[in-house]
Visitor: 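There's a structure below that I have some questions on.
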Amino acid sequence: MLFIFIYIYVFVCAYILYKKFVNVSEFDDEMQKPSSSIASGIGVGHVISISFCTSCSYRGHAMTTKHMLEEAFPGITVTLANHPPPLLKRLMGIVIPILQVGVIVIIMGGEQIFPKLGYMRPPLWYYSLRSNRQGTIITTWFLGNYIKSCLKNSGAFEVFCDGELIFSKLMEQRFPGEFELRELVSRKLYNLRNSEGFTGGLW
């Protein structure tokens, strides 16, 4: 029986790691593909990248911003991408599910697990958890899922123009306004055209 619990625990942990590091696709085809380019337009040759928090329900706002920029700057390429949380949060997001499964396995098979670990009898806290086994499992599962959802939130909505950051929700603590974003992109494209013209004239 102990080996069955261990096998299940190892299998679940391996599956969690696989989902984290291998199967990481979070976007549908519409979000991943760049906007269709137009033969002529003020945006041709330029790329706007919007990096946002997908778990914060920002997808709709990102899609609206994408369509707005495509209409305002014909020919521009607008791409969307997930902005991951900090490394510490990502690591904790991996550890939490493993702890969840570990607690459930211990509650279900602790009387067989602890003797294998060198304990003559399980510790007192185990009996406290075991006395309300169903409640402990439910609490562990839902509390762990809540913590995981919080750890996924980066709160980001970062806008880059040709690789240069032009607006950051993380710094401003707000979303960009439509006219504000158009002005930022227009200014960036204008500066790029002037610098390219100056360089071309120099050579």
Side-chain angles (χ1 to χ4, degrees), residues 16-96 145-203:
I16 292 170
L17 293 175
Y18 170 80
K19 292 291 288 184
K20 287 288 184 182
F21 293 106
V22 180
N23 189 23
V24 295
S25 177
E26 295 202 27
F27 297 103
D28 52 30
D29 293 337
E30 182 181 5
M31 294 185 67
Q32 288 187 2
K33 67 180 181 182
S35 59
S36 57
S37 60
I38 302 176
S40 61
I42 59 175
V44 172
H46 300 284
V47 178
I48 299 293
S49 302
I50 302 176
S51 179
F52 67 99
C53 173
T54 56
S55 61
C56 300
S57 302
Y58 293 170
R59 180 177 301 205
H61 190 75
M63 293 298 297
T64 301
T65 304
K66 178 178 186 291
H67 297 320
M68 181 272 292
L69 291 173
E70 290 172 352
E71 293 178 1
F73 305 96
I76 202 165
T77 299
V78 182
T79 61
L80 306 179
N82 178 46
H83 190 95
L87 177 60
L88 180 59
K89 283 189 174 183
R90 283 180 287 175
L91 293 177
M92 292 178 64
I94 297 174
V95 172
I96 293 297
N145 290 344
Y146 173 75
I147 295 175
K148 284 191 299 180
S149 66
C150 294
L151 292 174
K152 289 181 180 179
N153 297 341
S154 63
F157 195 90
E158 317 300 288
V159 183
F160 299 84
C161 182
D162 290 336
E164 181 178 336
L165 181 67
I166 60 174
F167 184 88
S168 171
K169 181 178 179 294
L170 294 177
M171 291 189 296
E172 301 292 338
Q173 296 298 310
R174 61 177 177 83
F175 285 102
E178 179 178 338
F179 295 105
E180 176 187 16
L181 193 55
R182 287 184 181 181
E183 176 64 24
L184 290 172
V185 175
S186 297
R187 190 181 308 161
K188 176 64 177 177
L189 297 182
Y190 177 79
N191 292 337
L192 286 174
R193 284 199 301 270
N194 284 347
S195 62
E196 289 172 359
F198 179 77
T199 303
L202 205 71
W203 292 97

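FYI, the numbering just counts along the sequence from 1. Both backbone and side-chain heavy atoms feed into the values below; hydrogens, waters and symmetry mates do not.
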Visitor: Nearest 0.5 angstrom please: E71 CD to I76 CD1, how far?
Guide: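 Answer for the CD-CD1 pair, E71 versus I76, is 13.0 Å.
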Visitor: Of all the heavy-atom pairs spanning T79 and S49, show the shortest one and how long it is.
Guide: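 The pair with the smallest heavy-atom distance is OG1-OG, 3.3 Å.
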Visitor: Using a 4.5 Å cut-off on heavy atoms from C-beta on, say whether the side chain of I166 contacts that of R187.
Guide: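 R187 does not reach I166 side chain to side chain.
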Visitor: Quick one, F157 and C56 - any side-chain contact, counting heavy atoms below 4.5 Å?
Guide: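 Heavy-atom side-chain distance check fails, nothing below 4.5 Å.
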Visitor: If you measure from OG on S57 to CZ on F52, what distance do you get to the nearest 0.5 Å?
Guide: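 Rounded to the nearest 0.5 Å, the OG-CZ separation comes out at 10.5 Å.
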Visitor: Is the shortest heavy-atom distance from the side chain of H83 to the side chain of C53 under 4.5 Å?
Guide: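 No; the side chains remain at least 4.5 Å from each other.
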Visitor: If I take atom CG from residue L69 and atom CD from residue E178, how far apart are they, to the nearest 0.5 angstrom?
Guide: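 Here the interatomic distance stands at 9.0 Å.
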Visitor: Any side-chain heavy-atom pair from C161 and L189 closer than 4.5 angstrom?
Guide: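 Side-chain contact under 4.5 Å: yes.
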Visitor: Within the 4.5 Å heavy-atom criterion, are R174 and F167 side-chain neighbours or not?
Guide: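 Yes - at least one pair of side-chain heavy atoms lies under 4.5 Å apart.
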Visitor: Walk me through whether L80 and M63 qualify under side-chain contact (heavy atoms from CB on, under 4.5 Å).
Guide: CA-CA 8 Å; L80 306 179; M63 293 298 297; 3.4 Å; yes
Visitor: Are the side chain of E70 and the backbone N or O of G75 linked by a donor-acceptor pair below 3.5 Å?
Guide: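 Not a single qualifying donor-acceptor pair exists.
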Visitor: Could you pull out the closest heavy-atom pair between G93 and L151, with the gap in Å?
Guide: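 Smallest heavy-atom distance, with atoms named: N-CD1, 3.7 Å.
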Visitor: Does a side-chain heavy-atom distance below 4.5 Å link E180 with L184?
Guide: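 Counting from C-beta outward, E180 and L184 do come under 4.5 Å.
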Visitor: Give me the atom names and distance for the closest heavy-atom approach of Y58 to A156.
Guide: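 Closest approach of Y58 to A156, heavy atoms only: CD1-O, 3.4 Å.
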Visitor: If I take atom NZ from residue K152 and atom OG1 from residue T54, how far apart are they, to the nearest 0.5 angstrom?
Guide: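 That separation rounds to 8.5 Å.
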Visitor: Roughly how far, to the nearest 0.5 Å, is the CD1 atom of I50 from the NZ atom of K66?
Guide: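 One gets 8.5 Å once the value is rounded to the nearest 0.5 Å.
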Visitor: Looking at every heavy atom in both T65 and L181, which two are closest together, and how far apart are they?
Guide: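 Where T65 meets L181 most closely, the heavy atoms are CG2-CD2, 3.4 Å.
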Visitor: Evaluate the side-chain proximity of H46 to F73: yes if any heavy-atom separation is below 4.5 Å, no if none is.
Guide: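 The answer is no, as the side chains (C-beta and beyond) never meet within the 4.5 Å cut-off.
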Visitor: What are the two closest heavy atoms between S55 and N153, and how far apart are they?
Guide: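 Minimum heavy-atom contact is OG-OD1, 2.9 Å.
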Visitor: Please report the closest heavy-atom contact between E158 and K169, naming both atoms and the distance.
Guide: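 The pair with the smallest heavy-atom distance is OE2-N, 3.2 Å.
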